There are 2 protein chains.
Amino acid sequence: MNEQIDEKLNSREIKPTAMRELVLKLMMEKLSAISLPELEEQLSYADKATLYRTLKTFEKNKLIHSINDGNGPLKYALCMDDCECEPEELHIHFSCTVCNKTYCLNEIPVPKISLPKGFNLTSVETVVKGVCANCIS
Amino acid sequence: MNEQIDEKLNSREIKPTAMRELVLKLMMEKLSAISLPELEEQLSYADKATLYRTLKTFEKNKLIHSINDGNGPLKYALCMDDCECEPEELHIHFSCTVCNKTYCLNEIPVPKISLPKGFNLTSVETVVKGVCANCIS
DNA sequence: GTTAATTTGCAACTCCGTTGCATTTATTAT
DNA sequence: ATAATAAATGCAACGGAGTTGCAAATTAAC
C-alpha cells in the first residue's frame with residue numbers, strides 16, 4: 001500500500017518524503033475532506049507549517065483540491081486520478097450541516113452557466129448544504 | 001433618499017440608527033459586494049465591532065446576504081426587496097479575478113441539484129469566477 | 001424625568017493562514 | 001566518498017478576519 005501511495009505521489013511529480021506519505025495516506029483513508037487544523041490534530045507530532053506546505057504542494061500538483069464550504073477552515077480532498085482540474089472536470093461539493101463533514105460528489109458535475117455578454121468564465125464552484133445520509137436517520 | 005433608506009430598514013424591522021443608515025446607504029451605492037474590512041476602510045471613523053454587528057443584524061433580517069467567494073474575507077450584498085432567501089430565490093455570484101469585485105447575478109438562479117438518495121438539501125451556493133465586463137476590454 | 005432596553009465603542013482574544021530563517025535531509029557534481 | 005547545492009522540515013512569529021465581554025452612550029418605554 002505504501003507503493004500505491006508513492007505511485008500516486010510520483011504520478012504528480014511530488015517527491016515522496018515520509019511526511020508526504022503520511023499526509024496522503026491519511027487523506028486516502030478519509031471519505032470526507034480535511035482541513036489543515038484537522039490534519040494538525042490527527043498528526044499531532046507534525047509541524048503546522050510543514051503540513052501547510054505539504055497541502056500547498058499537493059494542491060499545486062493537482063493531487064488534491066481545496067473546498068471553500070463557507071464553514072470554518074478551508075478543506076482539502078483528493079483529486080481523481082488524471083484529473084487536471086479543468087472547468088469541465090469539476091464536481092460539486094456537499095457540506096453536512098449536522099456532522100460538518102464535506103464530501104466530493106464526484107458523480108455530479110458542476111452546472112453549466114451562461115454568463116451575460118462580456119463576461120469571461122474560468123471556473124464554477126458549487127457547494128450544496130444539507131443533511132447527509134448518515135445524519136438523516 | 002434618507003426616507004428610502006429608513007423605509008428599507010423598517011421593512012425588515014431594523015431600527016434606523018445613524019450607523020445603520022450610513023452602512024445601508026453605502027451598500028446601496030455600491031454595485032459590488034462589500035466585506036467587513038472594506039467597510040471599515042470606507043467608514044474609518046466607525047468601530048469594527050459595530051460594523052460587524054450591523055452586518056450581522058442586516059443579514060439576520062434578510063436585508064443583505066453573505067457571499068463566500070473563496071477569495072479573502074466574506075462579502076455582503078443587498079437582498080432584493082421582499083426576498084426571503086429561500087433556496088428557489090437564490091441567485092449565483094460572480095467573482096472577477098482581475099478587479100476582485102464580486103457581483104450578484106440576480107437574473108441567474110442557482111442551479112437545481114438532484115442529490116443522491118438519503119441526502120437532504122437546504123441550500124445551494126454557486127460562485128463563478130472569471131473576468132468581468134469592465135476588466136475584459 | 002426616570003428606568004429599562006438597545007446600540008455603540010474599546011479592548012482583547014481566538015483561529016486560520018502564512019512567512020522568515022535556521023536546521024536537517026536529500027541530491028548532484030567533483 | 002566528499003564537498004557543494006538544493007529541497008524539505010521545524011520553530012517562531014506575525015497578520016488578518018471574525019468574534020466576544022463589558023462599560024458607556026443612546027434610544028425607547030413607563
Side-chain angles (χ1 to χ4, degrees), chain A residues 2 5-6 8-10 12-27 33-61 63-77 95 100-102, chain B residues 2 5-6 8-10 12-26 33-61 63-77 95 100-102 127:
Chain A
N2 251 25
I5 286 167
D6 284 1
K8 246 182 164 25
L9 289 170
N10 284 325
R12 296 294 186 170
E13 292 177 323
I14 299 164
K15 288 182 212 154
T17 67
M19 198 74 253
R20 289 168 179 174
E21 287 170 343
L22 264 168
V23 172
L24 178 52
K25 182 161 177 289
L26 204 154
M27 292 189 75
I34 192 168
S35 67
L36 176 56
E38 284 176 271
L39 209 51
E40 277 179 73
E41 205 178 343
Q42 299 199 27
L43 301 176
S44 51
Y45 40 88
D47 182 69
K48 179 167 67 152
T50 303
L51 294 174
Y52 169 74
R53 285 187 270 235
T54 299
L55 289 174
K56 283 294 181 189
T57 300
F58 284 8
E59 190 183 19
K60 183 159 63 69
N61 291 32
L63 179 58
I64 65 175
H65 59 279
S66 66
I67 307 157
N68 203 301
D69 61 12
N71 185 33
L74 203 57
K75 297 183 180 65
Y76 296 89
S95 169
N100 254 316
K101 284 181 182 151
T102 297
Chain B
N2 251 28
I5 287 168
D6 284 1
K8 245 182 166 24
L9 290 170
N10 284 325
R12 295 293 186 171
E13 291 175 326
I14 300 164
K15 289 182 209 153
T17 68
M19 197 75 254
R20 289 168 177 174
E21 288 170 343
L22 263 167
V23 172
L24 178 53
K25 183 162 177 288
L26 204 154
I34 191 168
S35 66
L36 176 56
E38 283 176 273
L39 209 51
E40 277 180 74
E41 204 178 344
Q42 298 198 27
L43 301 176
S44 50
Y45 41 87
D47 181 69
K48 180 168 66 152
T50 304
L51 294 174
Y52 169 75
R53 285 186 272 235
T54 299
L55 289 174
K56 283 292 181 192
T57 301
F58 284 8
E59 189 183 20
K60 183 159 63 69
N61 291 32
L63 180 58
I64 64 175
H65 59 279
S66 65
I67 307 158
N68 203 301
D69 61 11
N71 185 33
L74 203 58
K75 296 183 182 66
Y76 297 87
S95 169
N100 255 315
K101 284 182 181 148
T102 297
V127 175

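Below, chain A is the first sequence line, B the second, and so on; all start at residue 1. Values in this document were obtained by computation on a predicted structure and should not be read as measured data.
We find that CD1 of Ile14(B) is positioned 17 Å from C1' of dT27(D), with the value rounded to whole Å. Whole-Å rounding puts the Asn10(B) CG to dA28(D) P distance at 11 Å. Atom NZ in Lys75(A) sits roughly 13 Å away from atom C1' in dC15(C) (whole-Å rounding). In this structure, the CD atom of Glu21(A) is 11 Å from the P atom of dA26(C), given to the nearest Å. Per the geometry, CG belonging to Asp6(A) stands 15 Å off C1' belonging to dA26(C), to the nearest Å. In this structure, the CG atom of Leu55(A) is 14 Å from the P atom of dC16(C), given to the nearest Å. For the pair Asn68(A) CG and dA17(D) C1', the computed distance is 13 Å after rounding to whole Å. Atom CG in Leu51(A) sits about 16 Å away from atom P in dA12(D), given to the nearest Å.
Phosphate proximity of dT9(D) to Thr17(A): present, with a side-chain N or O under 4.0 Å from OP1 or OP2. Taking side-chain N and O atoms only, Lys56(B) has no distance below 4.0 Å to OP1 or OP2 of dG18(D). Checking the phosphate oxygens (OP1, OP2) of dT19(D), a side-chain nitrogen or oxygen of Tyr52(B) falls inside 4.0 Å. Phosphate proximity of dA8(D) to Thr50(A): absent, as no side-chain N or O sits under 4.0 Å from OP1 or OP2.
Of the listed residues (Asp6(A), Ile5(A), Ile14(A)), just one forms a side-chain contact (heavy atoms from CB on, under 4.5 Å) with Arg20(A), and that residue is Ile14(A). Evaluated for a side-chain contact (heavy atoms from CB on, under 4.5 Å) with Val23(A), the options Ile34(A), Ile64(A), Leu51(A) yield exactly one hit, Leu51(A).
Side-chain contact of Thr102(B) with Asp69(B): a donor-acceptor pair under 3.5 Å is present, judged by distance alone.
Contact annotation: the side chain of Leu9(B) approaches that of Leu63(B) to within less than 4.5 Å [non-hydrogen atoms, C-beta and beyond].
For Arg53(B) against dG18(D), a side-chain-to-base donor-acceptor contact under 3.5 Å is absent.
Within residues 34-49 of chain B, the residues approached by DNA chain C to less than 4.0 Å at the level of any non-hydrogen atom are Asp47(B), Ala49(B), in residue-number order.
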Please test Tyr45(A) against Leu43(A) for side-chain contact (heavy atoms from CB on, under 4.5 Å), starting from the C-alpha separation and ending with a verdict. CA-CA 6 Å; Tyr45(A) 40 88; Leu43(A) 301 176; 3.4 Å; yes
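Here the NZ atom belonging to Lys15(A) is positioned 10.0 Å from the OG1 atom belonging to Thr17(A), to the nearest 0.5 angstrom. To the nearest 0.5 angstrom, Glu21(B) atom CD is 11.5 Å from Thr54(B) atom OG1. Going from atom CD of Glu59(A) over to atom OH of Tyr76(A) covers 5.0 Å, rounded to the nearest 0.5 Å.
With hydrogens and angles ignored, the 3.5 Å screen pairs no side-chain donor or acceptor of Arg12(A) with any backbone N or O of Phe58(A).
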Show each protein N/O and nucleotides 3-6 of chain C N/O combination with a separation under 3.5 Å, one pair to a line.
{"residue": "dT6(C)", "atom": "O3'", "partner": "Lys15(B)", "partner atom": "NZ", "Å": "3.3"}

